[in-house]
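All remarks here apply to the structure that follows.
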Protein chains: 2
Amino acid sequence: MPSEDRKKSRVTLLDVARRANVSRATASLVIRKSPLVGAETRSRVEEAMRELGYVYNMGAARLRAERSHTVGVIVPNLTNPFFAELLGGIEAVIDAAGMVVILANSGDLVDRQDMVMRRMREHGVDGVILCPAAGTEREFLTRLLEWDLPLVQALRHITDEVDYAGVDYAAGMHQAVDYLASLGHERIAFAVHGPIHSAYNERIEGFCDAMRSRGLSAERIVRIPYQTAEIPRSAQLLFEQTEKPTAVICFNDVIALGLSAGLHDLGFKVGENFSLVGFDDVTDAETMRPRLTSVSTAPVAIGENAAKLLIERLEEPTRSPRKIVKQPKLHIRQSCVPVPKFAL
Amino acid sequence: MPSEDRKKSRVTLLDVARRANVSRATASLVIRKSPLVGAETRSRVEEAMRELGYVYNMGAARLRAERSHTVGVIVPNLTNPFFAELLGGIEAVIDAAGMVVILANSGDLVDRQDMVMRRMREHGVDGVILCPAAGTEREFLTRLLEWDLPLVQALRHITDEVDYAGVDYAAGMHQAVDYLASLGHERIAFAVHGPIHSAYNERIEGFCDAMRSRGLSAERIVRIPYQTAEIPRSAQLLFEQTEKPTAVICFNDVIALGLSAGLHDLGFKVGENFSLVGFDDVTDAETMRPRLTSVSTAPVAIGENAAKLLIERLEEPTRSPRKIVKQPKLHIRQSCVPVPKFAL
DNA sequence: CCCTTAATTTAGATCGATCTAAAAACTTTC
DNA sequence: GAAAGTTTTTAGATCGATCTAAATTAAGGG
C-alpha cells in the first residue's frame with residue numbers, strides 16, 4: 001500500500017518510465033500499443049503503470065498529436081425522445097470506436113448553433129455530427145468544410161457536399177398514403193407542426209406527390225400547435241374544411257398520440273370509424289390503444305449510421321461525400337380501418 | 001481578403017500577438033479578460049484575433065492551467081425519455097456556465113461504468129455527474145473522491161459523502177397512497193420493474209410505509225417485465241392473488257402506459273371501474289385517455305440541480321457534501337375513481 | 001570476428017497555451 | 001528632475017504527452 005505523497009502532482013508518463021527503467025519515449029510507445037517495443041519491456045512498463053495508478057492524459061496527447069478522440073454532437077432538442085434515441089445510437093458507435101461524445105443543444109436556433117459550433121472547435125473535436133437547426137444555411141456547412149472539420153449531417157439534409165445520414169421521408173409518406181388508399185380512403189389529411197427544415201419539406205412533398213399521383217387532393221395539410229399539451233384540443237382543426245377527411249397521417253408520433261386523444265374527445269373511435277397513421281414508430285406506438293399504425297424511422301439506426309459515416313471520414317478525410325438513407329417501413333397495427341362504403 | 005497559405009498550420013496565439021505587436025503573454029491576458037491589460041492594447045489584440053480567425057485552443061490551455069471546462073455525465077440509459085430530460089436539464093446549466101458536457105452511457109452495468117469513468121478521467125473532466133448504475137458500491141464513489149474528482153450523484157443515492165440531487169421518492173409514494181386511500185381504496189397494488197437501485201428501494205419502502213401506516217396490506221407488489229412491449233399482456237399478473245386490487249400504483253409512466261393498455265384489453269375501464277396512478281409525469285400523461293394521474297418528478301429540474309451542485313463544488317472543492325431533494329407533486333387527472341361501495 | 005541489416009530504445013525538440021517573476025513605461029510626489 | 005509607486009508588458013519556463021532522427025543492441029552472413 002504505497003501511500004505516496006499525493007500532495008499535488010499527478011502520476012505522469014515520466015514517473016512510469018522511471019519506475020520501469022525505460023525512457024519516456026518507450027513508455028509512450030507502450031501506451032499506444034506500438035509493435036516496435038519488445039515483449040519483456042512492454043510488460044514491465046504495463047506493470048509500472050498499474051502500480052502507480054497511471055491515467056493517460058488525453059489533453060496532453062492531443063496537443064502534440066492531432067487527434068483528440070472527441071466527437072461533437074449537436075441536436076436541436078433533448079426532450080423529444082426521437083433525438084434522445086438518435087443520440088443513443090451515436091453514442092454507442094462512437095464509444096465502441098474508443099472516442100467520446102461532446103454534447104450540445106442548439107435549441108433549433110441558428111445563433112446558438114453558431115456559438116455551440118465554435119465551442120466545439122475550441123475543444124478541438126475531431127469531427128461533428130450535426131442535426132442542423134431549422135434555417136441553417138448551406139454556407140454554414142461549407143465553411144466548416146473549408147476549415148477541414150470533418151462533418152456529418154444527420155436527419156436533416158442541407159447540402160450534397162457533406163456526408164448525410166437520414167431516412168427517406170418521402171418514401172415513408174408514400175407508404176402511408178398507399179396503405180390508406182388501399183383501404184379506400186380518399187380524403188386524407190396531413191397533420192404537421194414544428195420548425196420548417198428539410199425533413200419537414202421532404203415529408204410535405206412526399207405527401208403531396210403520393211396523393212396527386214393517385215389523383216387525390218393534397219390540400220388537407222393542417223398545422224397543429226407545437227406544444228404537446230395543446231395537441232389534443234386542436235383535433236377539431238381537421239374538420240374545418242368542407243369535405244371532411246376520413247383519415248389523417250401525422251408528422252410524428254407525438255402528434256399521433258395527441259390527436260388520438262383529441263379525436264376520442266370529439267367522439268370518434270380511432271380504428272373503428274376513423275383512421276390514423278403515425279410517423280417514427282416510437283415505443284409508445286405499441287402501448288397505445290388502439291395500437292398505433294406508424295411509419296418506422298428507427299432513430300437509433302440513423303444515429304449509428306451517422307457515427308459510422310463520421311468514423312470513415314476521419315480515416316479517409318478526402319473521399320467524396322456519402323449518403324446513407326434508410327428506407328422506412330410501415331408498421332401496421334390497429335389504428336386504421338377500411339373506409340365505410342356510404343360513410344360520413 | 002488575406003488568403004494565407006493555410007497549408008497546415010492553425011492560427012496560434014503567437015500569430016495573433018505578432019500581428020498586434022505584443023507578446024504572447026499579453027495576448028493571453030486579453031483572451032482571459034484580465035483587467036491588467038490596457039484598453040488600447042486590448043482592442044488591438046481583439047482585432048487581430050478577428051482578422052486572423054483565431055480559435056482558442058482549449059486543449060493547450062488545459063494542459064497548463066488546471067481546468068478543462070468539461071464535465072462528464074454518465075447515465076444508465078438514453079432511450080428512456082426520463083434520462084433524456086434529465087440530461088437536457090444538465091446540459092442547459094453546464095452550457096450556461098461556459099462548459100461542455102461529455103456524455104457516456106453505462107447501460108446500468110457497473111463494469112461499463114468503471115471503464116466509462118476511467119475514460120472521463122483520461123479526458124481530464126473537471127467533474128462528473130453520475131447516475132449510478134444498479135449495484136454501484138459505495139467504495140466506487142469514495143475512491144473517486146480520494147482522487148479529487150468533483151462528483152455529484154443524481155437520481156440514485158449511494159452515499160452521504162457525495163453531493164446528491166434527486167427526488168423524495170418515498171414522499172411521492174405517500175402522496176399516491178394517500179390519494180387512493182382518500183377515494184376509499186384499500187387493496188392497492190404496486191407494479192414495479194427494472195434493475196434494483198436506491199431509487200427502486202426508496203419507492204418500495206415508501207409504498208410499504210404508507211400502506212402500513214394506514215393499516216393496509218403492502219403485499220401486492222408485482223414485478224412486471226422490463227421490455228416495454230411485454231407490459232400490456234402482463235396486466236393479468238395483478239389479479240393472481242386471492243383478494244384482487246381495486247387500484248394500482250406504477251413504478252413509472254412507462255409501466256402506467258403499458259398497464260393502461262393491458263387493463264383495457266382485459267375489459268377494465270381505467271378511470272371508471274379501476275384506478276391507476278403513474279410516476280414521473282412525462283409528457284405522455286397528458287395525451288393519454290383517460291388522462292393519467294401521475295406523481296410528477298420533474299427530471300429537467302433534477303438535472304439542473306445536479307449541474308448547479310457540481311458548479312458550486314468546482315468553486316469550493318472542500319465544502320461538505322450537500323443534497324438537493326425535490327418534493328414531487330401528485331398531478332391529479334382522470335385515471336382514478338372512488339372505489340364502488342359494493343364493488344368486486 | 002567483422003560487417004550489414006533488423007529490431008529496440010532514446011534524447012531532445014515540439015504542440016499552444018499559462019504562469020512566474022521581473023522589466024519597461026507611465027504617474028505622482030517632493 | 002530624481003525617487004517612489006503604479007500600471008502594463010514581457011521573456012522564459014512549464015504542463016504531459018508525441019514526434020523525429022539518431023543511437024544502441026541483437027541477429028544473420030560470409
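Residue numbers start from 1 in every chain, and the chains themselves are labelled A, B, ... in the order their sequence lines are given, proteins ahead of strands.
- The backbone N or O of A:Thr159 lies less than 3.5 Å from a partner atom in the side chain of A:Gln153, making a donor-acceptor pair.
- The A:Arg10 side chain lies nearest to D:dG16 when the options are C:dG16, C:dT18, D:dG16.
- Taking atom CG of residue B:Asn21 and atom C1' of nucleotide D:dT9, one finds them 13 Å apart after rounding to whole Å.
- Mapping A:Ala65 and B:Ser23 onto DNA chain D via the closest heavy atom, the residue that lands nearer the 5' end is B:Ser23.
- Distance CG (B:Leu63) to P (D:dA13): 17 Å, rounded to an integer number of Å.
- One atom, CZ of A:Arg64, and another, C1' of D:dC15, lie 14 Å apart when rounded to the nearest Å.
- Among C:dT18, D:dT18, C:dG16, the nucleotide with an atom closest to any side-chain atom of B:Ser28 is C:dT18.
- Although no hydrogens or angles enter the test, the distance criterion places a donor-acceptor pair under 3.5 Å between the side chain of B:Ser198 and the main chain of B:His157.
- Only one option out of A:Arg322, A:Lys323, A:Lys308, A:Arg319 pairs with A:Asp163 in a salt bridge (Lys or Arg N to Asp or Glu O under 4.0 Å); it is A:Arg319.
- Protein atom CG of B:Leu36 is 10 Å distant from nucleotide atom P of D:dT9, rounded to whole Å.
- Side-chain atoms of B:Asp126 come within 3.5 Å of backbone atoms of B:His69 as a donor-acceptor pair (strictly under, hydrogens ignored).
- When atom types are taken as modelled, the side chain of A:Arg62 and the backbone of B:Gly59 share no donor-acceptor pair closer than 3.5 angstrom.
- Summarising the geometry, the separation between CG on A:Leu29 and C1' on D:dC19 is reported as 10 Å, rounded to the nearest angstrom.
- OP1 or OP2 of D:dT9 has at least one side-chain nitrogen or oxygen of B:Thr41 nearer than 4.0 Å.
- Phosphate contact (OP1/OP2 of D:dG16, side-chain N/O of A:Thr12, threshold under 4.0 Å): absent.
- Within the structure, every side-chain polar atom (N or O) of A:Arg62 is placed at least 4.0 Å from both OP1 and OP2 of C:dG16.
- In this structure, CG of A:Leu52 is placed 15 Å from C1' of D:dG16, rounded to the nearest angstrom.
- Across the interface with DNA chain D, nearest-nucleotide mapping of A:Arg24 and B:Arg24 shows B:Arg24 to be the residue nearer the 5′ end.
- Atom CG in A:Asp15 sits roughly 11 Å away from atom P in D:dC15 (whole-Å rounding).
- Closest to the side chain of A:Thr26, from the set C:dT9, C:dA17, C:dC19, is C:dT9.
- Rounded to whole angstrom, the span from the CD atom of A:Glu66 across to the C1' atom of D:dC19 amounts to 12 Å.
- Comparing atom distances between the A:Ala25 side chain and each of C:dA11, D:dT10, C:dT18 picks out C:dA11 as nearest.
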